[in-house]
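First the structure, in the form of structure tokens, and then the observations on it.
For this chain, numbers begin at 1 and follow the sequence in order.
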Amino acid sequence: MNGDGGVVPATMKRAIDAIRGSTGSLDVVVLAGSAPTSGSTTPECDTVIALAGVNSCTTWTLTSAADAGNAQLNTDVRNAEFVYFAGGDQCRYAAWKGTPLEASVESVVAKGGGSGGGSAGTHINSPIVYDACKGSVTSAEALSDPYRPTVTFTTGMFNWPAYADTINDSHFVTRDRMGRTMAFVARAIKDGLTTNGAAWGVGVEQGGGSLFIDKNGQATEYGQNAYVVLGDHQPEQAAPGKALTFSDYKIWRLTPGSTFDFKNRPTCGYYRRSVTNGTADGNLYNGTPEACGPTGGAGLHESEPNDTRGTANDATALVSPFELSGAMTSSSDRDYFKIGLTSGQTVAAQCAVPPAYDADLYFLDSSGSTLTRSVNNGPGTAESLSFTRTASGTATYYVELEAYSGSGSEAYTCTLTKR
């Protein structure tokens, strides 16, 4: 999902390789609601066809809802392995709800293919779509009245695996859309559009920003920042003609290279912002991540020396979820914690890092080999990863926090959940 309409080669290539398994080639269909206004008539395909692993790229421009029943169009889509929704007007895409084209796109994902897009194409790929069918809305307008006529939604169209209860937005920082996403989240909760009384806004910045989400719900950000905005309670005030009041949104800032697990959604690493009578807190796009305490087993604070696997602090007896904590007290500090996993068990780690230093997160096997890692850049930047043991039996693993730059006595906190 891209912050503007253009194809981002890095994430498109990753999607292609994930689908084809790095062998063979696949077919891509681009769906557009209007023709480009300048330059090439097929700008998305011009980029896609140059990527390794692409056999063909076909563009269909549909100007009415009736076009969604075109037999050749639906044959082309069903034969493809990836569908890309171009930028433009998401209201035109929302008009395809309930048509043969919707079913054709869903069949691509069901057979192991993918769906994505940019700008309007990003909006349509969330289960709650801000459809803009009655015009666009700014953050100030949406916060002053989240029920104004221009705030309209389409639901029940695409419901991709592990991506429930989300509302996408694009051009996020450049067009200052955090406020309107907050309003969208409040509306979704108030109107019962979600399954569990919580809603998640996902905003991607333009200029090469792209959020790649794999088949397991693991997202990786590319190019620019993205933001995940959680509302997990009813708004204090959300009614027609009244300004929004909603306290304590939880916001994750995803820097390029960082990850977010939409299947096992994190419970830490966010900062908080509120809206009071239509006015949002300042500094919406940056904040110090908070740690989330465990609700299951006890926590474990590091005990030095724990700078090697041989001296790792033992967390094998802790009950999930549990918290590991410590500090990068020197620029060369490493902290190791030992845990155990059984066959088929998944562990997810979410680490809040204080602003005094940049720490990287690694997950190692018993011999010290790195199985997965999270190495987001910047002091105070959260880290997260997940790993599933597929082998039989039980084995020992290690969680390693490593100082990348800076140091300090303020503690990091990592919440680990086993499923």
Side-chain angles (χ1 to χ4, degrees), residues 172-173 176 178-179 181-182 201-205 209 211 219-230 247-261 265-275 280-294 299-304 306-307 313 321-337 348-363 373-385 399-416:
F172 201 65
V173 180
D176 190 22
M178 178 71 82
T181 293
M182 290 171 153
V202 179
V204 187
E205 173 61 331
L211 188 66
T220 305
E221 177 61 13
Y222 286 75
Q224 300 286 343
N225 290 344
Y227 294 81
V228 178
V229 182
L230 169 62
S247 62
D248 289 336
Y249 287 94
K250 296 173 180 176
I251 303 174
W252 288 261
R253 180 170 66 96
L254 309 182
T255 56
S258 64
T259 60
F260 191 91
D261 190 344
R265 301 191 186 188
T267 57
C268 65
Y270 54 79
Y271 59 95
R272 297 176 190 261
R273 294 292 183 267
S274 298
V275 176
D281 290 344
N283 201 18
L284 291 178
Y285 298 96
N286 290 283
T288 301
E290 294 183 12
C292 299
L300 176 64
H301 189 78
E302 69 161 320
S303 176
E304 295 283 3
N306 64 340
D307 299 327
N313 297 151
F322 55 89
E323 188 175 274
L324 305 177
S325 59
M328 299 285 96
T329 54
S330 74
S331 59
S332 61
D333 196 6
R334 295 186 176 191
D335 294 342
Y336 288 83
F337 299 89
Q350 308 288 338
C351 297
V353 179
Y357 49 80
D358 183 353
D360 292 334
L361 173 65
Y362 295 84
F363 194 74
R373 63 179 184 169
S374 178
V375 290
N376 303 326
N377 291 327
T381 301
E383 306 288 353
S384 62
L385 57 78
V399 176
E400 178 196 354
L401 272 294
E402 179 179 330
Y404 178 76
S405 65
S407 62
S409 59
E410 188 176 356
Y412 61 79
T413 55
C414 298
T415 299
L416 271 70

Minimum-distance pair of heavy atoms, taken over all atoms of Tyr412 and Val353: CB-CA, 4.4 Å
With Asp307 via side chain to side chain donor-acceptor pair (under 3.5 Å) - residues at least two apart: none
Separation of Leu416 CG from Glu323 CD (nearest 0.5 Å): 10.0 Å
Set of residues satisfying salt bridge (charged side-chain N to carboxylate O under 4.0 Å, His left out) with respect to Arg253, sequence neighbours excluded: none
Trace of the side-chain contact (heavy atoms from CB on, under 4.5 Å) decision for Leu385 with Tyr362: CA-CA 8 Å; Leu385 57 78; Tyr362 295 84; 5.9 Å; no
Test item: Asp358 side-chain N/O and Gly378 main-chain N/O as donor-acceptor pair under 3.5 Å: yes
Contact check, side chains of Val173 and Gln224, non-hydrogen atoms, under 4.5 Å: no
Listed partners of Ser407 passing side chain to side chain contact (heavy atoms under 4.5 Å, CB included), at least two apart: none
Validation row: Asn313, Phe337 side chains within 4.5 angstrom (heavy atoms): yes
Where Arg273 and Gly282 come nearest, the two heavy atoms and their spacing: NE-O, 3.3 Å
Heavy-atom pair with the smallest gap, counting every atom of Asp335 and Ala327: OD2-O, 3.5 Å
Minimum side-chain heavy-atom gap Asn225-Pro256 below 4.5 Å: yes
Side chain to side chain, Phe260 and Ser384, heavy atoms closer than 4.5 Å: no
Nearest heavy-atom neighbours spanning Asp281 and Ser274: OD2-N, 2.8 Å
Minimal non-hydrogen separation, Arg334 against Tyr336, with atom names: NH1-OH, 3.6 Å
Arg373 CZ: over 12 foreign heavy atoms closer than 6.0 Å: no
Partners passing side chain to side chain donor-acceptor pair (under 3.5 Å) against Glu302 (at least two apart in sequence or in another chain): Asn306
Heavy-atom side-chain contact between Ile251 and Tyr227 under 4.5 Å: yes
Residue pair Thr181 / Phe172, side-chain heavy-atom distance below 4.5 Å: yes
4.5 Å side-chain heavy-atom contact, Cys414 and Val399: no
Arg272 CZ to Asp248 CG distance, which is reported to the nearest 0.5 Å: 5.0 Å
Results of side chain to side chain donor-acceptor pair (under 3.5 Å) for Glu383 - residues two or more places apart only: Ser374, Asn376
From OH (Tyr249) to CG (Leu284), nearest 0.5 Å: 10.5 Å
With sequence neighbours excluded, residues passing ring-ring contact (aromatic ring centres under 6.0 Å, His included) with Tyr404: none
Tyr270 and Val228, any side-chain heavy atoms less than 4.5 Å apart: no
Considering all heavy atoms, the nearest Thr415-Pro321 contact: CG2-CB, 4.4 Å
Approximate separation, where rounding is to 0.5 Å, of Leu361 CG and Leu401 CG: 5.5 Å
